[in-house]
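Lettering follows sequence order; numbering is per chain, from 1.
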Number of protein chains: 2
Amino acid sequence: MKEKQALDMLGALSQETRIRIVRYLVGCGEQGAAAGDVGKQVGATSSRASFHLSTLEQAGVISSERQSRKIIYRANFDRLGGLISFLLDDCCGSHPDIRACCLGQKACC
Amino acid sequence: MKEKQALDMLGALSQETRIRIVRYLVGCGEQGAAAGDVGKQVGATSSRASFHLSTLEQAGVISSERQSRKIIYRANFDRLGGLISFLLDDCCGSHPDIRACCLGQKACC
DNA sequence: TCAACATTTCAAGAGATATTGAGATATGAA
DNA sequence: TTCATATCTCAATATCTCTTGAAATGTTGA
């Protein structure tokens with residue numbers, strides 16, 4: 001993953017409403033969830049949910065597909081994995097402490 | 001790691017100058033680097049480097065220690081590992097695709 | 001003490017981001 | 001076609017973020 005892409009994803013994830021959306025959509029798996037459902041889950045008005053969903057989509061964190069009158073959003077699992085790889089390898093140079101810590105081989109904060 | 005802490009770290013990392021600082025400081029290891037060095041490495045004026053260093057420190061990504069007239073910054077390896085754990089486990093619910101992808105067991109973006 | 005060095009702090013301005021409510025668009029059903 | 005549903009877009013506002021250059025702080029050595 002390129003730095004620019006990673007920065008966009010990090011920016012998109014650094015917001016309370018949006019990280020909740022991602023957490024919910026990851027939980028929904030391949031099935032995804034409609035914009036309205038997502039909004040209800042995270043306690044956002046329709047326009048606010050729409051704004052954050054499109055921010056996440058632009059950053060590549062999630063993607064959407066219209067299903068009749070609903071729009072279904074899904075987490076982009078590959079991209080999320082790619083971001084974590086970026087942090088682990090490119091940004092953190094595969095530092096052994098970080099890798100150990102994040103793989104549960106070492107206690108951390 | 002708590003959500004608030006993770007959001008702060010994600011926000012801090014989602015900026016070009018700052019991610020370069022982190023990459024450089026991770027490379028410096030336990031030894032760390034002085035603010036001036038960091039600024040030169042990332043091509044920032046002293047005040048700009050100072051601003052970004054303090055943003056990163058406030059978010060817990062790095063920490064500082066004065067050594068005579070220099071101030072030495074170091075990456076917080078535990079916190080970085082904690083953030084990656086947060087993304088992997090809490091936020092992404094240990095989803096198998098994401099985990100496989102970020103551990104190099106599966107190709108991704 | 002004084003000069004230099006290393007870094008931070010401050011104020012101002014430009015630009016990005018988040019929230020709100022109203023209105024527009026698109027789809028499906030009666 | 002008309003209505004209800006689902007979602008998005010828009011404009012206004014408030015707030016945060018980044019950059020810059022100047023000035024202040026703290027430290028060391030002559």
Side-chain angles (χ1 to χ4, degrees), chain A residues 3-25 28 31-76, chain B residues 3-25 28 31-76:
Chain A
E3 180 177 292
K4 174 73 172 63
Q5 166 82 63
L7 288 175
D8 286 351
M9 290 186 75
L10 289 167
L13 291 172
S14 67
Q15 210 276 346
E16 195 174 352
T17 303
R18 288 198 295 264
I19 204 133
R20 286 181 185 165
I21 290 176
V22 172
R23 193 182 281 131
Y24 177 61
L25 287 178
C28 292
Q31 186 187 340
D37 278 359
V38 175
K40 268 179 203 146
Q41 277 291 327
V42 305
T45 60
S46 66
S47 92
R48 203 165 130 231
S50 177
F51 170 76
H52 288 302
L53 284 166
S54 87
T55 302
L56 285 166
E57 186 172 25
Q58 265 205 286
V61 180
I62 64 177
S63 41
S64 70
E65 178 201 6
R66 182 176 278 275
Q67 263 182 22
S68 91
R69 84 176 78 174
K70 297 186 176 178
I71 294 183
I72 305 297
Y73 285 90
R74 291 187 187 82
N76 278 344
Chain B
E3 180 176 291
K4 176 73 171 66
Q5 165 83 64
L7 288 175
D8 287 351
M9 290 186 75
L10 289 167
L13 291 172
S14 67
Q15 209 276 344
E16 195 175 351
T17 302
R18 290 199 293 264
I19 204 133
R20 287 183 183 164
I21 289 175
V22 172
R23 194 182 280 132
Y24 178 61
L25 287 177
C28 292
Q31 185 187 341
D37 278 358
V38 175
K40 270 179 203 148
Q41 277 291 327
V42 304
T45 60
S46 65
S47 93
R48 202 164 132 233
S50 177
F51 169 77
H52 288 301
L53 284 165
S54 90
T55 301
L56 285 166
E57 185 171 25
Q58 266 205 288
V61 181
I62 63 176
S63 42
S64 69
E65 177 203 5
R66 181 177 278 276
Q67 264 182 21
S68 89
R69 83 177 78 174
K70 297 185 175 178
I71 295 183
I72 304 296
Y73 284 91
R74 291 188 188 82
N76 280 343

Would a distance-only check, ignoring hydrogens and angles, find a side-chain to backbone donor-acceptor pair under 3.5 Å from B:Ser50 to B:Ser46? no

Specify the separation, in whole Å, of atom CD of A:Gln67 and atom C1' of C:dG28. 14 Å

Just by distance, do the side chain of B:Gln15 and the backbone of B:Arg18 share a donor-acceptor pair under 3.5 Å? yes

Is B:Arg74 paired with B:Glu57 through a side-chain N to carboxylate O contact shorter than 4.0 Å? no

In whole Å, what is the span from the CD atom of A:Glu16 to the C1' atom of C:dT17? 15 Å

Reading 5' to 3' through nucleotides 5-16 of chain D, protein heavy-atom contacts under 4.0 Å coded B for base, S for sugar-phosphate only, - for none: BSSBB-------

Taking atom CD of A:Gln31 as the centre, report whether more than 12 heavy atoms of other residues, nucleotides or ligands fall under 6.0 Å from it. no

Expressed as a whole number of angstroms, how long is the span from A:Ile21:CD1 to C:dA18:P? 11 Å

Would you say A:Gln5's side chain and A:Ala59's backbone share a donor-acceptor pair under 3.5 angstrom? yes

Roughly, in whole Å, what's the span from CG in A:Leu56 to C1' in C:dT17? 14 Å

Output the rounded distance in Å from CG (B:Leu7) to P (C:dT17). 16 Å

Less than 4.0 angstrom between a side-chain N/O of A:His52 and OP1 or OP2 of C:dT17, yes or no? no

Spacing of B:Lys40 atom NZ relative to C:dC5 atom C1', expressed in whole Å: 11 Å

